[in-house]
> 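Would you mind keeping the following structure in view while I ask a few things?
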Amino acid sequence: MIQEEVKETVKEGAEKVKDVIEENVWGTIQDFLNLGIHFKTGNTPIDFTVGHLLLVILAFIVATAALRLIRSFITRNMDLENELKFKSIFKFIRYIVYVIVVVITLSASGIDVTVLLTASAALFVGLGLALQDLFTDIIGGIFIMVDKSLSVGDVIEIDGKVGRVFEIKLRTTRALTRDDKVIIIPNHHFINEIVFNYTQNHKTTRETVKVGVAYGSDTQLVRKILLDCAGKQNGVLKNPKPTVLFEEFGDSSLNFGVFFFINDSFSDPRIKSEIRFRIDEEFRKNNITIPFPQRDVHFYPAENQ
């Protein structure tokens, strides 16, 4: 009898403790989770509570972990250059996934997402107009990385400026100019404008130095001097060999061009300058004149009236 009474007393005490926990502790937790913003849009009530916020945070954590696993799985066999390109694209994909996760999580927790999207339509339109250049840059960055139209180390010319690319990001590309200055290029320029890539196919490029000589000069001697000046210059390739073209009979001069190949187009102004110094020196030795532009002016006396 005593044992049964003790058991009954313990059981009743346990039930009372359980009731207290359910009423106080769990009730307090529920009250905390129900704290938040409550308003109506028309006849539709919208509630965004602490519970919804915690659910979104949990969804973010799960999505981040899943995305890291996916990225590690895809990039495990990639080389360093392709891995860096993929990571840049993956950042953009991650943002899209986060937005989708938030929408799905809020919708699954009972919030009418369509009402929120409709109420924020004007904001989204304004935001889209403000960020359209940003999105264009991002799309341009994705195209650059996917079709490999540009790589780190390429020498490019854009808007009359020549630079060597040292970094490609999702929104911008950075290049070092010949003046040792960094030029930051928004990626939409590679979609909307013509860009010269000197080293897309290979590092070797053909360059030229043009010069005019006076009428009556020995053209065969001029050709020999130009070939010698280009052939003796450091940085000019021996194969293919330099060539000289007699380009035209100009107004004041006979115009020639010496064409040669180099494997460092980033340094071609220095090479061209040295060749011009050599040409000027050899022309002086051989009495070959580089003429000034000439114009004949005729004066006609006015007739006496």
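The figures here come from the full heavy-atom set of this structure, side chains too, leaving out hydrogens, waters and symmetry mates.
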> Set out, in order, the CA-CA distance, both residues' side-chain angles and the distance that settles salt bridge (Lys or Arg N to Asp or Glu O under 4.0 Å) for K203 and D154, then state yes or no.
CA-CA 9 Å; K203 292 183 178 181; D154 284 353; over 6 Å; no
> Distance from I275 atom CD1 to D228 atom CG, nearest 0.5 Å?
12.0 Å
> Under a plain distance cut-off of 3.5 Å, with no hydrogens placed, do T173 and N187 share a side-chain donor-acceptor pair?
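Indeed, the side chains of N187 and T173 share at least one donor-acceptor pair under 3.5 Å.
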> Do R174 and T172 have a side chain donor and acceptor closer than 3.5 Å?
yes
> Return each pair, listed once, that meets side-chain hydrogen bond (donor to acceptor under 3.5 Å, both in side chains) where at least one residue sits in residues 212-221; pairs must be two or more places apart or across chains.
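Matches after skipping sequence neighbours: Q220-R223.
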> Can you tell me how far apart CZ (F266) and OG1 (T199) are? Round to the nearest 0.5 Å.
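F266 atom CZ to T199 atom OG1 measures 11.0 Å (nearest 0.5 Å).
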> Does D179 reach the main-chain N or O of K181 with its side chain, forming a donor-acceptor pair under 3.5 Å?
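Looks like no, no N/O pair under 3.5 Å.
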> Mind running side chain to side chain contact (heavy atoms under 4.5 Å, CB included) on L150 and V165 for me, showing each step along the way?
CA-CA 8 Å; L150 194 67; V165 176; 4.1 Å; yes
> Please indicate whether F277 has more than 12 foreign heavy atoms, meaning atoms of other residues, nucleotides or ligands, lying under 6.0 Å from its CZ.
no
> What's the spacing between E167 CD and I184 CD1 if we round to 0.5 Å?
9.5 Å
> Any side-chain heavy-atom pair from V162 and Y198 closer than 4.5 angstrom?
yes
> Find the distance between CD1 (I271) and CD1 (I262) and round it off to the nearest 0.5 Å.
4.5 Å
> What verdict does the salt bridge (Lys or Arg N to Asp or Glu O under 4.0 Å) test give for D280 and R284, after you've listed the backbone C-alpha separation in whole Å, the side-chain angles of each residue and the deciding distance to 0.1 Å?
CA-CA 6 Å; D280 180 69; R284 291 175 187 273; 2.9 Å; yes
> Report the residues that fulfil salt bridge (Lys or Arg N to Asp or Glu O under 4.0 Å) with E248, sequence neighbours left out, ordered by chain and then residue number.
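E248 satisfies salt bridge (Lys or Arg N to Asp or Glu O under 4.0 Å) with no other residue.
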> Please examine the side chains of L226 and V209, heavy atoms only from C-beta on, and report whether any two atoms are closer than 4.5 Å.
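When only atoms from C-beta onward are counted, L226 and V209 do not touch, as no gap falls below 4.5 Å.
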> Report the C-alpha separation of E207 and F259 in whole Å, then their side-chain angles, then the decisive distance to 0.1 Å, and conclude whether the side chain to side chain contact (heavy atoms under 4.5 Å, CB included) test is met.
CA-CA 6 Å; E207 306 295 338; F259 296 85; over 6 Å; no
> With sequence neighbours left out, what residues match T289 under side-chain hydrogen bond (donor to acceptor under 3.5 Å, both in side chains)?
none
> Would V258 and T243 count as a side chain to side chain contact (heavy atoms under 4.5 Å, CB included) here? Give the steps.
CA-CA 6 Å; V258 54; T243 57; over 6 Å; no
> Any idea which heavy atoms bring D264 and R164 closest together, and the distance?
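It is OD1-NH2, 3.4 Å.
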> Other than L237, which residues form its hydrophobic cluster under the rule that side-chain heavy atoms must be closer than 4.5 Å?
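Besides L237, the hydrophobic cluster comprises F261, listed by chain and residue number.
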> Side chains of E193 and D159, heavy atoms from C-beta outward: is any pair under 4.5 Å?
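Yes. Closest side-chain heavy atoms under 4.5 Å.
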> Are I158 and L176 linked, directly or through other ILVMFWY residues, by side chains that come within less than 4.5 angstrom of each other?
no
> Can a donor-acceptor pair be found, under 3.5 Å and without considering hydrogens, that links the side chain of N286 to the backbone of E282?
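Answer holds: yes.
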> Looking only at side-chain N and O atoms, does D268 offer a donor or acceptor that is under 3.5 Å from a partner on S265?
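Side-chain D/A pair, S265 to D268: absent.
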> Establish whether F190 and V155 are linked, either directly or via other cluster members, by ILVMFWY side-chain heavy-atom contacts under 4.5 Å.
no
> Looking at every heavy atom in both A230 and P242, which two are closest together, and how far apart are they?
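So the minimum-distance heavy-atom pair works out to CB-CB, 4.0 Å.
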> Answer yes or no: is there a side-chain heavy-atom contact under 4.5 Å between F260 and K272?
yes
> I183, I156: one ILVMFWY side-chain cluster at the under-4.5 Å cut-off?
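Looking at the clustering, I156 is in the same group as I183.
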> Do N255 and S253 have a side chain donor and acceptor closer than 3.5 Å?
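The answer is yes; a qualifying pair exists.
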> What do the steps show when you test K224 against V222 for side chain to side chain contact (heavy atoms under 4.5 Å, CB included), and what is the final call?
CA-CA 5 Å; K224 180 178 181 302; V222 170; over 6 Å; no
> Identify the residue among I288, I290, L254 that makes a side chain to side chain contact (heavy atoms under 4.5 Å, CB included) with V211.
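That would be I290; it is the only one of I288, I290, L254 passing the side chain to side chain contact (heavy atoms under 4.5 Å, CB included) with V211.
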> What pair of heavy atoms forms the shortest contact from P291 to G212, and how long is it?
CD-O, 3.6 Å
> How far does CZ of R276 sit from CD of Q233, to the nearest 0.5 angstrom?
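With rounding to 0.5 Å, CZ (R276) is 11.5 Å from CD (Q233).
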> If I take atom CZ from residue R278 and atom CD from residue E274, how far apart are they, to the nearest 0.5 angstrom?
7.5 Å
> Please name all residues satisfying ring-ring contact (aromatic ring centres under 6.0 Å, His included) with F246, sequence neighbours left out, ordered by chain then number.
F249, F256
> For E281, give me all partners under side-chain hydrogen bond (donor to acceptor under 3.5 Å, both in side chains), at least two apart in sequence or on another chain.
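Partners of E281 by the side-chain hydrogen bond (donor to acceptor under 3.5 Å, both in side chains) criterion come out as none, since no residue qualifies.
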